[in-house]
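Note sheet for the following structure.
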Amino acid sequence: ITLAGLGWGIQWATYARPPLDEALAALESDRTVSVESEPWLIFRPLEVEPTTGLIFYPGGRVDPRGYATLLRPIAEEGYLVVVPSMPINMAIFNTGAADKIIDYFSGIESWAIAGHSVGGTSAAIYTAKNPQRIAGLAIWASYPADSTDLSNASQLVYSIYGELDQGVDREGVGARKHLLPPDTTYVEISGGDHHQFGSYLVKEGEDRSTTPRDLQQAQIVQATLDLLSQISR
């Protein structure tokens, strides 16, 4: 292998879609939410002591900060939100990342886990393997792997997807309904696509949405908040 080839391989493996300016702005701490970068990306509400938390697994090869526009509003409603960094920005290589987070925040009584794209698949794997640790699962623009059967799970599950997403549309999600509990809540976002589940750089032609990003994200946030309110003790 040549040095140039090695360099290209490293660059490819470590690339992450960078956050947009609006996502970077959402990382600023204020009187309502403290944003920390260590030991994980943490959105901590300051006006209440949170007892319910959300662990979020980012989509593949996306900078975790690119989800700040969705995760900060969740923290503003009184929930702790924690985003682990993943090996080469692929959650599938560390589906058990939630363990250390749950152990670290001993004051949280109820945990939900969510994830976008491959992060959602990874969050489903974690939920299936750790049913006693997770009360709710929110799958964003994703679905479980065929080897992940949650059909008899007791967790509250939300599946949130965009109408215009290639692959993770009504048909793709519907083909895997047998892997999720019968009472799963399905939220289809009219005019929504895959990449509007974050605020990160996309290439021309990748964005298929007909709904503005902020409107799609407001629906994603609201559905996730609905789940969190139901699992709060």
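Not measured: the values here are computed from a predicted model. Here, residue 1 is the first one in the sequence, and each next residue gets the next number.
One N or O on the side chain of S229 and one on the backbone of D226 form a donor-acceptor pair closer than 3.5 Å. At distances below 3.5 Å, not a single donor-acceptor pair connects side-chain atoms of Y57 with backbone N or O atoms of M90. Side-chain atoms of S122 come within 3.5 Å of backbone N or O of V118 as a donor-acceptor pair. A donor-acceptor pair is defined here as one N or O able to donate and one able to accept, closer than 3.5 Å; no such pair exists between the side chain of T184 and the backbone of L180. Listed for the E188 side chain is no donor-acceptor partner under 3.5 Å among the backbone atoms of I160. At distances below 3.5 Å, not a single donor-acceptor pair connects side-chain atoms of S159 with backbone N or O atoms of Y186. Under a 3.5 Å cut-off, the side chain of S232 and the backbone N or O of T52 do not form any donor-acceptor pair. Q230 places no side-chain N or O within donor-acceptor distance of the main-chain N or O of L156, the cut-off being under 3.5 Å. Here the side chain of S142 pairs a donor or acceptor atom with the backbone of S117 at under 3.5 angstrom. Side-chain atoms of Q196 never come within 3.5 Å of backbone atoms of S209 as a donor-acceptor pair (strictly under, hydrogens ignored).
Here L54 contributes atom CG and L225 contributes atom CG; the two are 9.0 Å apart, rounded to the nearest 0.5 Å. Between L71 atom CG and F56 atom CZ the span is 5.5 Å, to the nearest 0.5 Å. Rounding to the nearest 0.5 Å places CD1 of I189 at 5.0 Å from CD of Q219. In this structure, CG on D146 lies 10.5 Å from CG on D149, to the nearest 0.5 angstrom. Here CH2 of W111 is found 13.5 Å from OH of Y79. Values are rounded to the nearest 0.5 Å. Atoms CZ and CG, from R61 and N89 in turn, are 8.5 Å apart once rounded to the nearest 0.5 Å.
When the side chains of ILVMFWY residues are joined at heavy-atom separations under 4.5 Å, either directly or via intervening members, V83 and L20 end up in two distinct hydrophobic clusters. By the criterion of side-chain heavy atoms lying less than 4.5 angstrom apart, applied directly or through intervening Ile, Leu, Val, Met, Phe, Trp or Tyr residues, L179 is not grouped with I134; the two fall into different hydrophobic clusters. Note on V62 and V221: same hydrophobic cluster, where clusters join Ile, Leu, Val, Met, Phe, Trp and Tyr whose side-chain heavy atoms are under 4.5 Å apart, directly or indirectly.
The distance between the ring centers of H116 and Y67 falls below 6.0 angstrom. Checked against the 6.0 Å centroid criterion, the rings of Y158 and W140 do not qualify as a close aromatic pair.
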Stepwise, does the side-chain hydrogen bond (donor to acceptor under 3.5 Å, both in side chains) test hold for Q217 with S199? CA-CA 9 Å; Q217 293 187 357; S199 297; 3.1 Å; yes
Can T51 and E109 be said to form a side-chain hydrogen bond (donor to acceptor under 3.5 Å, both in side chains), step by step? CA-CA 5 Å; T51 58; E109 300 171 6; 4.7 Å; no
Show, in sequence, the C-alpha distance, side-chain angles and deciding distance for Q155 and T127, and conclude whether the side-chain hydrogen bond (donor to acceptor under 3.5 Å, both in side chains) test is met. CA-CA 8 Å; Q155 285 85 4; T127 302; over 6 Å; no
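Using bins of under 30°, 30° to 60° and over 60° for the plane-to-plane angle, the ring pair W40/F105 lands in the tilted bin.
With a 6.0 Å radius and a threshold of 12 heavy atoms from other residues, nucleotides or ligands, E204 has its CD atom at or below the threshold. Counting heavy-atom neighbours within 6.0 Å of D30 CG, excluding the residue itself, gives a total above 12.
Residue D165 is tested with H195, R208, H194 for a side-chain hydrogen bond (donor to acceptor under 3.5 Å, both in side chains); the sole match is H194. Only one option out of T95, N94, D99, T148 pairs with Y126 in a side-chain hydrogen bond (donor to acceptor under 3.5 Å, both in side chains); it is D99.
The minimum heavy-atom distance between P18 and Y15, with the atom names listed, is CD-OH, 3.7 Å. For A223 against V187, the heavy-atom pair with the smallest separation is CB-CG2, 4.1 Å. Between P50 and I108, the shortest heavy-atom contact is O-CD1, 3.5 Å. A23 approaches A68 most closely through the heavy-atom pair O-CB, 3.4 Å. Nearest heavy-atom pair, A135 versus I231, reported as atom, atom and distance to 0.1 Å: O-CG2, 3.7 Å. Across all non-hydrogen atoms, the minimal contact from P19 to L24 is CG-CD2, 3.6 Å.
Taking 4.0 Å as the cut-off between side-chain N and carboxylate O, R31 and E47 do not count as a salt-bridged pair. E206 has a carboxylate O that lies under 4.0 Å from a charged side-chain N of R17, or vice versa, which qualifies the two as a salt bridge. Of the charged side-chain nitrogens involved, at least one lies within less than 4.0 Å of a carboxylate oxygen, so that R44 and E36 count as a salt-bridged pair. We find that R133 and D103 are joined by a salt bridge, their nearest charged nitrogen and carboxylate oxygen being less than 4.0 Å apart.
Both tests do not hold together for K177 against Y143: distance to the six-membered ring centre under 6.0 Å, angle to the ring axis within 45°.
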